[in-house]
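Positions are given from 1, in the same order as the sequence printed here.
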Amino acid sequence: MSEKQQPGVWEGFKAFLMRGNVIDLAVAVVIGAAFTNIVNSVVKGIINPLVGAIGTKNLDSYSYCLKEPCHGTGDTATGVRILWGSVLGATLSFVITAAVVYFLMVLPMSKFLARQAARQKAKEGTQEIIEVSELEVLKEIRDALLAQRGPGQRPD
């Protein structure tokens, strides 16, 4: 008896790479990386100056000192600080990213799919009406033929 050979590691790897979802994932990562640059530019160019109108342009400089004395920045900083400005900047970046993805990608795609589903449903409804009307016409033809034969005549 001959045994079935299982595909080798290389063939399995090639099959894995050629699946559609792996390619889609790779494209999504590349697009996401490019989109990150756009969002960071919007935050640095628009959001930070708007916040800067109230305080400073650099959100990372906003902090709260938990344990005194809080002096210096970076490695020379003393005290215990909560850097809430960087959290605010990251949150704004996330909200902007989510809004752009929703309004430019998810919402239009949902509307497009809803329109396609409505067209498909209308097409199926039209097909059903045509089938029903054909059936009605055939019934009318049958009734007319029976009426022409007259009562009491048997069909051949």
Side-chain angles (χ1 to χ4, degrees), residues 3-142:
E3 294 181 24
K4 288 185 179 179
Q5 278 189 322
Q6 292 188 354
V9 174
W10 182 248
E11 286 82 20
F13 182 67
K14 285 194 316 188
F16 170 74
L17 286 179
M18 298 318 278
R19 276 196 240 158
N21 51 359
V22 173
I23 303 299
D24 292 342
L25 181 61
V27 169
V29 168
V30 170
I31 295 294
F35 188 67
T36 299
N37 291 333
I38 294 171
V39 171
N40 288 338
S41 296
V42 169
V43 169
K44 288 179 185 174
I46 297 173
I47 302 298
N48 285 351
L50 289 175
V51 173
I54 299 168
T56 178
K57 266 177 45 174
N58 186 3
L59 291 177
D60 292 337
S61 66
Y62 289 110
S63 64
Y64 179 75
C65 185
L66 281 179
K67 187 173 182 184
E68 297 289 340
C70 290
H71 299 288
T73 59
D75 293 337
T76 62
T78 60
V80 178
R81 292 183 183 196
I82 293 179
L83 303 173
W84 63 270
S86 61
V87 174
L88 178 63
T91 303
L92 287 173
S93 294
F94 172 76
V95 169
I96 290 169
T97 304
V100 168
V101 166
Y102 179 75
F103 288 112
L104 294 182
M105 295 176 191
V106 174
L107 190 61
M109 185 58 86
S110 296
K111 288 183 178 182
F112 173 74
L113 292 175
R115 271 188 261 133
Q116 273 196 329
R119 285 183 191 147
Q120 184 67 24
K121 195 169 190 173
K123 187 186 236 184
E124 289 172 359
T126 304
Q127 184 67 24
E128 186 176 305
I129 290 171
I130 291 171
E131 289 174 2
V132 168
S133 62
E134 287 176 1
L135 183 60
E136 291 297 323
V137 169
L138 289 173
K139 285 181 182 179
E140 289 175 9
I141 292 171
R142 179 199 64 200

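Under the side chain to side chain contact (heavy atoms under 4.5 Å, CB included) criterion, S110 pairs with V106, sequence neighbours left out. For L113, the side chain to side chain contact (heavy atoms under 4.5 Å, CB included) criterion is met by M109, Q116, not counting sequence neighbours. Judged as a side chain to side chain contact (heavy atoms under 4.5 Å, CB included), and not counting sequence neighbours, K121 has no contacts.
For residues 83-122, the ring pair (Phe, Tyr, Trp, His ring centres under 6.0 Å) pairs, not counting sequence neighbours, are Y62-W84.
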